[in-house]
Amino acid sequence: MEKYKVGVVGCTGMVGQRFVTLLENHPWFQITALAASARSAGKTYGEVAGKRWLMSTPMPESVKDMVILDAEADMDTFCDRVDFTFCAVNMKKDQIKALEEAYAKHECPVVSNNSANRHTPDVPMVVPEINPQHIQIIDSQRKRLGTQRGFIAVKSNCSLQSYVPALHPLREKYGLDKALVCTYQAISGAGKNFTTWPEMVDNVIPYIGGEEEKSEQEPMKLWGEIVGNEIVDAVSPSITSQCLRVPVTDGHMAAVFMSFPDGKKPSVEEIKEVWASYRGRAQELELPSAPKQFLHYFEDPSYPQTKLQRDLEGGMAISLGRLRPDSQYDYKFVGLSHNTLRGAAGGGVLLAELLCAEGYITRK
């Protein structure tokens, strides 16, 4: 199989580095261009990222001598070298929106890890196991942009992966009235480790800017419907959240409370069966990065644990446990996902695989 030529815009940061490692031996994708800010442009990837390499695995040899392009000034050159690009830049939201749209108008499809375009009405925000049908809005987006190939697709916030995948099949089958979610989020979600953020050792910070709003609002777009030329958000369930930063390297955990509509409350065993049997479009297509079992439930009440389960199925599966009745809601449970794999770069790669498999990304 001829591989797709792939770029990474924002290649030097933590998520950009994760994209680079995930693409090293990917069966479909091969990195042919890297881009970052003007201060990194003209230098090799090894020169720039080697000084601040944050991954546990070594930098791939294939990219060490690759010269970094300027994400803005060298856009023409970059787009000539790739079939599509991943984007994980650290800029202001309005700058990111403009940059991603410029790449799309250069006929370069963009699969974005950034939040800037998540609420653009004709930009699909997709978790392949939850709302793959939303990629159909790309046809409308291309008409707006005036493009043939170019478009923007985004993945959702990393914290959602620890609870929305568990709620989704229950909402589909029984409906869902309301949910309360408390997330306990790793420091890599801020692009840091304990060396660069020593203040987090033996510490918890009860505030992550903008995170609670994302946790409450973004599921509504995932569960929304395409109406005309836009995705219209769902109106239920109502979700309230609280998000804390905890001293963990990788892995976001969620304590979840949920209630069902009157007369539709399933049993504990029915919920477990729904989780065990659920398969999404990613599993149907057998995409390379898709976990074979999307949702894993652990009967041991001490599971899931961040250190033990975050890497389950290459960090792409969701771990669940402690499902039990609650005194205020119908049920409560705990969820866990790997925030830089399923929640960030891995989720972006899986989305790109879906877009390729469904014909929205093609080779030039």
Side-chain angles (χ1 to χ4, degrees), residues 4 6-37 40 45-46 48-64 66 68 71 82 84-91 96 110-115 126-128 153-162 185-197 248-252 282 287-291 306-307 309-318 336-354:
Y4 294 83
V6 179
V8 180
V9 178
C11 60
T12 60
M14 180 175 277
V15 176
Q17 291 180 22
R18 182 68 80 178
F19 273 123
V20 168
T21 59
L22 289 175
L23 296 170
E24 180 181 8
N25 298 306
H26 195 281
W28 293 6
F29 304 148
Q30 179 180 359
I31 294 176
T32 55
L34 298 171
S37 64
S40 297
Y45 191 63
V48 177
K51 302 171 186 175
R52 46 181 170 169
W53 189 249
L54 298 168
M55 301 294 103
S56 59
T57 55
M59 180 184 293
E61 291 293 331
S62 58
V63 296
K64 280 185 178 179
M66 194 173 288
I68 298 173
V82 303
F84 75 94
T85 190
F86 295 104
C87 188
V89 294
N90 183 15
M91 302 165 66
I96 295 172
V110 177
V111 179
S112 177
N113 186 72
N114 304 303
S115 64
V126 175
V127 177
V154 301
K155 49 157 292 301
S156 63
N157 189 46
C158 53
S159 66
L160 269 63
Q161 312 302 321
S162 56
Q185 301 185 204
I187 62 174
S188 57
K192 299 179 180 179
N193 57 24
F194 288 118
T195 300
T196 58
W197 201 3
V248 170
T249 53
D250 295 302
H252 287 357
L287 300 177
S289 299
T306 305
K307 186 179 286 189
Q309 275 83 40
R310 64 188 169 200
D311 292 316
L312 190 64
E313 295 212 43
M316 294 297 288
I318 311 300
L336 172 70
S337 65
H338 195 303
N339 57 296
T340 67
L341 287 170
R342 166 57 75 165
V349 171
L350 185 63
L351 172 54
E353 292 168 359
L354 174 72

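Computed over heavy atoms, backbone and side chain alike; hydrogens, waters and symmetry mates excluded. Only a predicted model underlies this, so the values are computations on that prediction, with no experimental measurement involved.
Nearest heavy-atom pair, A36 versus C11, reported as atom, atom and distance to 0.1 Å: CB-SG, 4.2 Å. For the pair S40 and I68, the tightest heavy-atom approach, listed with the atom from each and the gap, is O-CB, 3.8 Å. In plain terms, the two heavy atoms of V9 and A71 that are nearest each other are CG1-CB, 3.8 Å. Taking every heavy atom of both residues into account, L341 and G314 meet most closely at CD1-O, 3.5 Å. Counting all heavy atoms, side chain and backbone alike, P58 lies closest to W53 at C-NE1, 3.8 Å. A pairwise comparison of heavy atoms in A290 and L350 identifies N-CD1, 3.6 Å as the closest pair.
Aromatic ring pairs are classed by plane angle as parallel below 30°, tilted from 30° to 60° and perpendicular above 60°; the pair F29 and H26 is parallel. Ring pair F19/F86 is parallel by interplanar angle, where below 30° counts as parallel and above 60° as perpendicular.
Looking only at side-chain heavy atoms (C-beta outward), R342 and V127 come within less than 4.5 Å of each other. Looking at V8 and V63, their side chains never come closer than 4.5 Å, going by heavy atoms from C-beta outward. Counting heavy atoms from C-beta on, the side chains of Q17 and V20 never come closer than 4.5 Å.
If you take CG on N114 and CG on N90, they are separated by 9.0 Å, rounding to the nearest 0.5 Å. The NE2 atom of H338 sits 5.0 Å away from the CZ atom of R18 when rounded to the nearest 0.5 Å. Note: S159 OG to Q185 CD = 4.5 Å, rounded to the nearest 0.5 Å. From T249, atom OG1 reaches atom CG of L54 across 12.0 Å, with rounding to the nearest 0.5 Å. Note that OG of S289 is 11.5 Å distant from CG of L354, once rounded to the nearest 0.5 Å. Between the CG atom of D250 and the CE atom of M14 there is a distance of 7.0 Å, given to the nearest 0.5 Å.
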For the pair R52 and T12, evaluate side-chain contact (heavy atoms from CB on, under 4.5 Å) and give the outcome as yes or no after the intermediate values.
-> CA-CA 8 Å; R52 46 181 170 169; T12 60; 3.6 Å; yes

Please lay out, stage by stage, how L312 and L336 fare under the test side-chain contact (heavy atoms from CB on, under 4.5 Å).
-> CA-CA 10 Å; L312 190 64; L336 172 70; over 6 Å; no

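Here the rule is side-chain contact (heavy atoms from CB on, under 4.5 Å) with K155, and of L160, N113, V349, V126 only N113 fits it.
Checked by atom type and distance alone, the side chain of N339 pairs as donor or acceptor with a backbone atom of G251 at under 3.5 Å.
Under a cut-off of 6.0 angstrom, the local environment of NZ in K64 is crowded, with over 12 non-hydrogen atoms contributed by other residues, nucleotides or ligands.
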